[in-house]
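All chains are named by letter (A, B, ...) in the order of the sequence lines, taking the proteins before the strands, and each is independently numbered beginning at 1. Because the structure is a prediction, the values reported are computed rather than measured.
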Amino acid sequence: LIVGSVLIDLYVKCGRLEEAFTVFHGLTSHNVVTWSTLIAGYAQLEHPEAALHLFVQMQQRDLQPNGFTFVAVLKACATIGDLEGCRLVHSQVVENELETDTVVCSAIVDMYAKTGNLDDAHAMFDSMVGQDIVTWSALISGHAKHGQCQEALKLFWEMLQKGMMPDYIALSTVLQLCPSVAAFEQGIMTHMHVIECGFASDLFVGNALVGMYAQCGNLEDACTIFEHLHRRSVLTWCTIIFGCAQHNDFTRAVTYFEDMQQGGMKPNGMTFLALLSAFSYAGLVEEGVYYFKLMKEAHDVVVMPEHFNTMVDLFGRRGFLDVAEDLLETLYFQSD
RNA sequence: GCAAUGGUCAGUCUA
């Protein structure tokens, strides 16, 4: 049984649901762990209906679901997004007397928050006793995701006031939502917490800081932060190049683009999109075309529709409406 | 003492 559940988990983690299911089927007996692992796999790998189906089957065999099972099922409900289903599973959690389990309750908060049922998320949050940083983050990012950024910020300060230490996820979530409500002051205050809590060298936090300064502060600050980061991922580079584009500084965008490759980092489709948008803002047709070709020919990047959008935008901006139209027509025929 | 569980990262538009 133990070997079986480890195997199922292993296949799930490699994204091989069929193999996982085969192993599950081949087992002579099942317990709550093997069921939960399989359900979690389907929930994680975007097959929420199948996960729910398995959950029903499990109950038909008179097996008691536990906290692990419910977390997986709650995640599936969050993906499906049907409020009735969410409430039903929630009530089953209560029936199984799991409403004191912080992990399960956080998953419930997250489920309601993700599906935009913010009132239910709040109610659940308030009814719990042991809220931890994950519970808070789930509530905060749910608000941010559904356009309630002010409320999300309020929750964040409330959390700090209650003495909860933010972690790198909470900090980067909050930093990312600052620009959307032009909350530069709050962004700077959050930056201070980042330093205080020792997360300044975290990769996710670093990306969020660069993005925050680029979008609601000025490009200089963003560049300074960027230069001081210890670690940079493709996303970090992408963020700073987009920042340059937004501030209409294509020279810098190109410089970063080249620096990135000098440092052994490979640009991906998003990086090229950032670069192309810099040319689009600046109206530089030749450069745009040059890099567009470079992307296809030298970097083997799969061209995304967004690349074409940016190119159409660029041609249109400079009055090459005929070229823009040709491009659109070509795309129209290709899409058939 | 030994198996499975919760919250974040990149552009544009989102009326």
Side-chain angles (χ1 to χ4, degrees), chain A residues 1-10 12-13 20 24 30-41 43-44 65-75 78 98 101-111 113-114 121 125 128 131-145 147 152 159 166-177 199 202-212 214-215 232-246 253 267-278 280-281 304-310 312-313:
Chain A
L1 260 187
I2 296 185
V3 174
S5 39
V6 172
L7 258 166
I8 294 170
D9 190 42
L10 199 72
V12 165
K13 291 202 167 109
F24 178 83
H30 295 103
N31 64 6
V32 64
V33 179
T34 56
W35 278 100
S36 304
T37 309
L38 192 67
I39 293 173
Q44 238 166 273
N66 65 11
F68 288 84
T69 327
F70 275 111
V71 169
V73 173
L74 290 162
K75 184 182 276 185
L98 285 165
D101 184 322
T102 305
V103 173
V104 173
C105 291
S106 296
I108 295 176
V109 171
D110 182 51
M111 171 187 73
K114 268 208 180 87
F125 184 89
M128 307 175 44
Q131 298 95 338
D132 63 9
I133 185 65
V134 176
T135 327
W136 280 99
S137 300
L139 193 61
I140 291 171
S141 55
H143 280 80
K145 185 177 174 178
M159 177 187 97
D167 65 0
Y168 73 105
I169 292 182
L171 288 167
S172 51
T173 304
V174 169
L175 284 169
Q176 279 174 273
L177 69 88
F199 288 110
D202 179 82
L203 196 53
F204 283 3
V205 174
N207 293 348
L209 275 173
V210 172
M212 192 278 288
Q215 287 177 51
R232 295 170 195 140
S233 69
V234 183
L235 258 79
T236 325
W237 288 97
C238 206
T239 308
I240 194 69
I241 296 174
F242 269 121
C244 296
Q246 274 172 20
N268 61 13
M270 270 296 184
T271 323
F272 274 100
L273 189 62
L275 191 64
L276 293 178
S277 69
S280 171
Y281 277 111
M304 309 185 289
E306 288 85 347
H307 291 120
F308 287 110
N309 288 345
T310 308
V312 170
D313 200 47

Just the table, please: protein N/O against nucleotides 1-5 of chain B N/O, every pair under 3.5 Å.
unit_1, atom_1, unit_2, atom_2, d
B:A3, N1, A:Asn31, ND2, 2.9
B:A3, N3, A:Ser5, OG, 2.6
B:A4, O4', A:Thr37, OG1, 3.4
B:A4, N1, A:Asn66, ND2, 2.9

Protein-nucleotides 9-11 of chain B N/O pairs under 3.5 Å:
unit_1, atom_1, unit_2, atom_2, d
B:C9, O3', A:Gln176, NE2, 3.0
B:C9, O2, A:Asn207, ND2, 2.7
B:A10, N1, A:Asn268, ND2, 3.4

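Within 4.0 Å (heavy atoms only), A:Leu276 reaches no atom of the nucleic acid at all. A:Tyr168 comes within 4.0 angstrom of a nucleotide base, judged by non-hydrogen atoms across all strands. As judged by a 4.0 angstrom heavy-atom cut-off over every strand, A:Lys145 is placed among residues making no nucleic acid contact. A:Thr236 comes within 4.0 angstrom of no nucleic acid atom, judged by non-hydrogen atoms across all strands.
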After noting the C-alpha distance and the side-chain angles of A:Thr37 and A:Thr34, does the key distance pass the side chain to side chain donor-acceptor pair (under 3.5 Å) rule?
CA-CA 5 Å; A:Thr37 309; A:Thr34 56; over 6 Å; no
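Side-chain to base pairing of A:Asp132 with B:G6: one donor and one acceptor N or O lie within less than 3.5 Å of each other.
Between A:Trp136 and A:Phe125, the ring planes are perpendicular. Angles over 60° get that label, and only those under 30° would be called parallel.
Checked against A:Ile108 for a side-chain contact (heavy atoms from CB on, under 4.5 Å), the options A:Thr135, A:Leu74, A:Leu98, A:Asp101 give a single hit: A:Leu74.
Residues A:Asp313 and A:Ser280 have side chains that bring a donor and an acceptor to within less than 3.5 angstrom of each other.
For the atom pair CD of A:Gln131 and SG of A:Cys105, the computed distance is 9.5 Å after rounding to the nearest 0.5 Å.
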